[in-house]
Amino acid sequence: MTKTSAFDHLSQDDAIGMLRNMIRIRRFEEKLTVLFKRGKLPGFVHLYTGEEAIAVGACSALRTDDRITSTHRGHGHLIAKGARVDRMMAELFGRVDGYCRGKGGSMHIVSFDLSIIGTNGIVGGGIPIGTGSAWADRHLGRDNVTIVFFGDGASNQGVFFESMNIASVWGLPVIFVCENNGYTEWTPTSELTAGNIVDRAAPMGIPGESVDGNDVVAMRFAVERAVERARKGEGPTLIEAKSYRWNGHNEGEEAFAGAYRPEAEQAEWRERDPIVAFGERLVESEWLTREEWAAIDSDEQAQVDAAVEFAENSPFPDAEEALDHLFAPSKESA
Amino acid sequence: MAAKTVTEERNIYYIEAMREGLRAMLGEDENVVVIGEDVGRSVIGATRGLVEDFGPMRVRNTPISEATFVGMCVGAAAVGLRPVVDLMVGSFFYVAMDQLADQAAKLRYMSGGQVNLPIVYFTATGPSGSAAAQHSENPHPMLMNVAGLKIVMPSTPYDAKGLMVSAIRDDNPVVYLQDFVLGGVRGPVPEGTYSIPLGVGDIKRAGKDVTVVAIGAAVPKALRVANKLEAEGISVEVVDPRTLVPLDMDLILESVARTGRLVVVDNARLTCSAASEIVASVSEKGFDLLKAAPQRVAWENVPVPFSPPLEERALISDSDIDSAIRMTLA
Amino acid sequence: MDVVLPKWGMSMQDAVVAEWLVAVGDTVTEGQPLATVETDKVEAAVESPGAGTVLELLAAAGDTVDVGAVMARIG
């Protein structure tokens, strides 16, 4: 019973898995909004709500052993790369069952087992790191690729230009995915950023592609093309994915940042909800019923609720662990 | 000249000793790679000739993008390479400070110990004579304060080779600092591969009246002054920590327990110098051992000036060391 | 005129005289190579600072000379 696909070579399972991942990110981030307001989180969080299609589309084009580096707004990338919401939540609560045993928190959740080789509290900080993993994989004769996620703000950091340059001259299998959500912290990106970010690829001699970051299928296919080039040894690609963050730069900003985004603009982007858009396409294609969609949603909501319970029941690390993990033991050290 | 005797040791330049360590590790482990600006030609000299033996992929020239190639080593080390970087000049670390201090130094700790980052960042560093402020820095005091970086500062060709081997075999980010002026110094170095553990200091000269802890290029100065004072009956012990992180405080305290007097000579600005740290630690842990107030000998708190008399005024001299030693004996 | 050993590199402290290319009594021109010297990384020529006659050579082949030291005199 083959159906004609509206999504080219994308399989039904893949498509439904992508919808599920986007919903998981959305429900996770919505939960954090509430937990933050209730004072349940020790630190602060930057949420990915509204941008789910970018991470999910991009990571769905990767193999498990392909790598990513992420940003301060990284929860979506982690979930899209296969991270468990319970261990993520435990990390956000500073508990011992968190991915980093409570040492990292929101901006530094990382799982090397999932080939997530860094998230970052420094804007642009992960760009050289992902360029480096691509260098090592190529040097060691592997065919893994690395996606470097970063925002529009990071596109004005020097390491962005430096990394594109070295990736181009060394022909590295790295895909630079710029998530342009329209705002550099609290200032419109257009006021701070010359030209189009995607156009910064051309002078480096690498392909650049601009993608609708709210279209998960477009994102998937753009990254697939870049991955194919990278695996064949044809070097890096820059993808600029345009989207919008529904929440603030960080939760709690309303206390100090004031209103800096027009209400109409926010409403317009909420109308373009990437999850609703994709779900509707799946329903129209008869790949998914509304009942199945609702079931996925309630299942993911339940998982997120369970994650909070898991996190709350996980103990804090022993305080002496503050002194652990600085250096690896080494046979050459005294 | 004396007749040539059969010996395992040869006198070679410090910079050649570094190169022998690099060559041995490139030969030992194919995951070791050396990168940096012009490492093929090697203006400073430590990587000279390596590209001919190991090829341009393992000894690889980079663009002048310090922040990026310092950071690339983090990702590369996380997935299996053992990168060794030639920064060329110590103050170039400042260009790459985020990638060094926020990324390389912190990723293992922040991840709860998920990853090892075997990286060596080596460079020539420190004043070399009218190189002026931006080519004369010694960044070790600043980097000692960044938890997560081991710091090596050898003073002899022998230590330079053995510590290069250990630094590359270590599974952590190691900053390896070669004081510029030591590069052209000769000393005995065995031909074979040997290692010196990180965190183990060395008594470069035994003495009983005063302990002088000297770091990097300050070691030969301290030895020169110690030899001169011997004629006056002042017996100076010269202790070389060799690595600043981890720091061999046990050796320093043992020496102070014998002499009761301490001078620390650091080839760096005084404020928050390694000398400051060592004097503070000895004061806390060994106050009862001290017969006199400990002394620090370090640079004036100014950038290193260009003109020779200005530079001489700002930096440390043999007479500064001499005076500090006498102060502890007064 | 003093012929001094220049500092070619930041780590250079001294050099070994490899070979004198002139002898006492030779007539030399400005810029003429007088000696080859070896350091930790370079082999280079020390040039005559002016025209004249070589009056004396102050280091022998094989000797180590400090940066800035006088190696020869031209008159």
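Letters go in sequence order (proteins before strands), and every chain restarts at 1. Predicted model only: the values in this text are computed from it and were never measured. Computed over heavy atoms, backbone and side chain alike; hydrogens, waters and symmetry mates excluded.
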Part of [X] within contact of chain A (heavy atom distance under 4.5 Å):
{"X": "Asn61(B)", "value": "backbone"}
{"X": "Val174(B)", "value": "neither"}
{"X": "Leu117(B)", "value": "neither"}
{"X": "Val33(B)", "value": "side chain"}
{"X": "Ile168(B)", "value": "neither"}

Return the set of residues passing side chain to side chain donor-acceptor pair (under 3.5 Å) with Asp143(A) (not counting sequence neighbours), or none when no residue passes.
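Checked Asp143(A) against side chain to side chain donor-acceptor pair (under 3.5 Å); matches are Arg63(A).
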For the residue pair His77(A) and Phe149(A), categorise the inter-ring angle as parallel (less than 30°), tilted (30 to 60°) or perpendicular (more than 60°).
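Taking Phe149(A) first and then His77(A), their aromatic rings lie parallel (interplane angle under 30°).
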Could you tell me whether Tyr158(B) and Tyr194(B) have their ring centroids closer than 6.0 angstrom?
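That pair passes the under 6.0 Å test.
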For [X], is it the side chain, the backbone, both, or neither that has a heavy atom closer than 4.5 Å to a heavy atom of chain B?
{"X": "Leu140(A)", "answer": "side chain"}
{"X": "Leu172(A)", "answer": "side chain"}
{"X": "Asp324(A)", "answer": "backbone"}

Could you have a look at Gly75(B), Gly71(B), Gly80(B), Pro173(B) and say which one has the most heavy-atom pairs with chain A under 4.5 angstrom?
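Looking at each of Gly75(B), Gly71(B), Gly80(B), Pro173(B) in turn, Gly75(B) comes out on top.
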Note: Arg169(B)-Glu28(B) ion pair, threshold 4.0 Å (strictly below):
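Yes.
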Can Asp97(A) and Arg84(A) be counted as an ion pair, charged N to O under 4.0 angstrom?
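No, this pair does not count.
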Measure across Ser281(B) and Met249(B) and return the closest heavy-atom pair with its distance rounded to 0.1 Å.
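Heavy atoms of Ser281(B) and Met249(B) come nearest at CB-CE, 3.5 Å.
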Sub-4.5 Å side-chain heavy-atom contact between Arg200(A) and Glu240(A):
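A side-chain contact is absent here, since even the closest heavy-atom pair is not under 4.5 Å.
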As an exercise, state the distance from CD of Glu237(B) to OG of Ser255(B), rounded to the nearest 0.5 Å.
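Interatomic distance, Glu237(B) CD to Ser255(B) OG, rounded to 0.5 Å: 3.5 Å.
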Could you please state which residues from residues 92-108 of chain B sit under 4.5 angstrom from chain A, measuring non-hydrogen atom to non-hydrogen atom, sorted by number, or 'none'?
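So the qualifying residues are Asp98(B), Gln99(B), Asp102(B), Gln103(B), Leu107(B), Arg108(B).
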Considering the options Leu92(A), Leu114(A), Thr119(A), Asp113(A), which one meets the side-chain contact (heavy atoms from CB on, under 4.5 Å) requirement together with Tyr99(A)?
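Testing Tyr99(A) for a side-chain contact (heavy atoms from CB on, under 4.5 Å) against Leu92(A), Leu114(A), Thr119(A), Asp113(A) leaves exactly one candidate, Leu114(A).
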Under 3.5 Å: donor-acceptor pair, side chain of Ser155(B), backbone of Val219(B)
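Here the side-chain-to-backbone pair does not exist.
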